[in-house]
Amino acid sequence: RFRVRPSISEVTSPCPTKRDVYLRRVLHMYVDSQVFRLGRAVHEVFLLPFRYRGRDVEWLYGVFRRCLKDYTDLRGYWKVFESIFRKSLALSMIAEEEQIPISVEPYIPGGAIGLSDFVRPDLMVGFMPIDITLSLGGNSLERKELALAGYALAIEAWSGNPVDVGITIGISINSDVRFQWRVVRIDDSLRRRFIEARDDVAR
């Protein structure tokens with residue numbers, strides 16, 4: 001119904017007024033901050049062992065060390081990043097040993113449900129989306145539930161397979177690094193909430 005087809009990150013933006021979406025879409029301004037960079041770094045470090053699953057451990061550590069050079073402004077978090085990398089490496093090795101089918105940031109067509117050309121969940125196990133978030137409190141959990149509903153709708157439209165469950169992985173880096181796994185039931189109510197949020201952004 002609308003000319004604009006937003007991305008899932010735009011639909012689930014933490015900004016209550018969607019000012020960040022306006023700056024990007026209308027004023028064509030690049031929005032960035034240390035929090036955004038920290039979130040991107042956490043994502044990249046966690047996904048790295050899955051992205052190169054099956055490669056030699058020493059080689060993976062070399063890639064990780066090179067990755068850190070892109071975040072010299074976040075040098076104070078490098079020990080945190082190493083803890084995240086170690087945890088993710090252990091998980092990826094288990095997945096490899098058990099031959100669990102995992103896709104890293106796969107391109108899923110989004111146009112069929114009024115989203116941008118492609119949506120990219122952080123991970124997919126079979127057809128189940130997994131979303132990784134830097135846990136900073138606030139309404140991040142609610143936003144991630146909506147994101148999972150958006151991924152589920154896109155996967156369903158693309159594959160024809162029902163997707164009723166997704167997983168959020170919240171990574172907290174306060175006093176120490178903690179991982180919180182949460183299984184999210186994707187029901188019709190959550191789907192409707194996502195569609196309403198999509199329409200609010202697209203208007």
Side-chain angles (χ1 to χ4, degrees), residues 7-10 12-15 20 24 30-108 118-126 128-148 150-151 166-184:
S7 67
I8 285 186
S9 63
E10 289 172 336
T12 61
S13 164
C15 179
D20 56 337
R24 251 193 325 268
Y30 181 68
V31 181
D32 200 8
S33 70
Q34 188 180 45
V35 172
F36 286 160
R37 280 186 59 74
L38 183 57
R40 283 198 299 273
V42 166
H43 270 78
E44 186 59 31
V45 167
F46 185 89
L47 292 177
L48 196 153
F50 289 96
R51 203 182 296 280
Y52 300 107
R53 195 168 57 150
R55 300 296 294 265
D56 178 74
V57 172
E58 196 59 41
W59 184 88
L60 282 169
Y61 266 98
V63 174
F64 167 68
R65 286 189 288 270
R66 288 194 294 275
C67 176
L68 289 181
K69 294 178 182 177
D70 294 332
Y71 298 101
T72 53
D73 57 318
L74 299 174
R75 188 179 294 273
Y77 292 96
W78 280 12
K79 287 187 178 179
V80 169
F81 296 159
E82 184 168 4
S83 295
I84 294 170
F85 175 77
R86 287 177 181 272
K87 176 70 171 179
S88 179
L89 179 60
L91 292 171
S92 69
M93 291 174 72
I94 292 170
E96 178 73 14
E97 184 178 332
E98 298 186 3
Q99 298 184 331
I100 298 172
I102 295 178
S103 304
V104 180
E105 294 185 321
Y107 285 87
I108 308 297
F118 293 98
V119 300
R120 301 179 69 187
D122 293 325
L123 294 171
M124 257 186 16
V125 176
M128 182 179 65
I130 298 177
D131 204 33
I132 301 158
T133 180
L134 175 61
S135 184
L136 297 173
N139 64 342
S140 61
L141 183 58
E142 180 182 357
R143 291 189 299 104
K144 290 305 178 180
E145 287 182 347
L146 284 182
L148 287 174
Y151 292 131
I167 294 176
T168 62
I169 303 175
I171 303 177
S172 171
I173 59 172
N174 296 327
S175 55
D176 57 354
V177 178
R178 292 187 179 181
F179 292 79
Q180 182 180 12
W181 304 72
R182 188 169 184 274
V183 177
V184 176

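When reading the values below, keep in mind they use all heavy atoms of this one structure, side chains included, and skip hydrogens, waters and symmetry mates.
Separating the CZ atom in F179 from the CD1 atom in I84 is a distance of 5.5 Å, to the nearest 0.5 Å. Note that NZ of K69 is 8.5 Å distant from CH2 of W78, once rounded to the nearest 0.5 Å. Atom CE of M124 and atom OG of S103 lie 5.0 Å apart (nearest 0.5 Å). Here the straight-line distance linking atom CG of L89 with atom CD of E96 works out to 11.5 Å at 0.5 Å rounding. The CG atom of L123 lies 9.0 Å from the CZ atom of R51; values are rounded to the nearest 0.5 Å. Within the model, atoms CG of D122 and CD1 of I130 stand 9.0 Å from one another, a figure rounded to the nearest 0.5 Å.
More than 12 heavy-atom neighbours from other residues, nucleotides or ligands sit within 6.0 angstrom of CD on E105.
Ionic pairing of R53 and E98 is not present here: no N-O contact between side-chain nitrogen and carboxylate oxygen is shorter than 4.0 angstrom.
A distance-only check finds no donor-acceptor pair linking the side chain of R55 to the backbone of L60 [under 3.5 Å]. No donor-acceptor pair under 3.5 Å is formed between the side chain of S88 and the backbone N or O of F85. A donor-acceptor distance shorter than 3.5 angstrom exists from the side chain of T12 to the backbone of I8, with no hydrogens or angles considered.
No side-chain heavy atom of W181 sits less than 4.5 Å from a side-chain heavy atom of V183. The shortest side-chain heavy-atom distance between L74 and F81 falls under the 4.5 Å cut-off. Taking 4.5 Å as the limit, every side-chain heavy atom of I169 sits out of range of all side-chain heavy atoms of D131.
Considering Y52, F50, F46 as possible partners of L48, the one that fulfils the side chain to side chain contact (heavy atoms under 4.5 Å, CB included) test is Y52.
Across all non-hydrogen atoms, the minimal contact from D70 to R37 is O-NH2, 3.0 Å. For the residue pair R120 and Y151, the shortest heavy atom distance occurs at O-OH, 3.5 Å.
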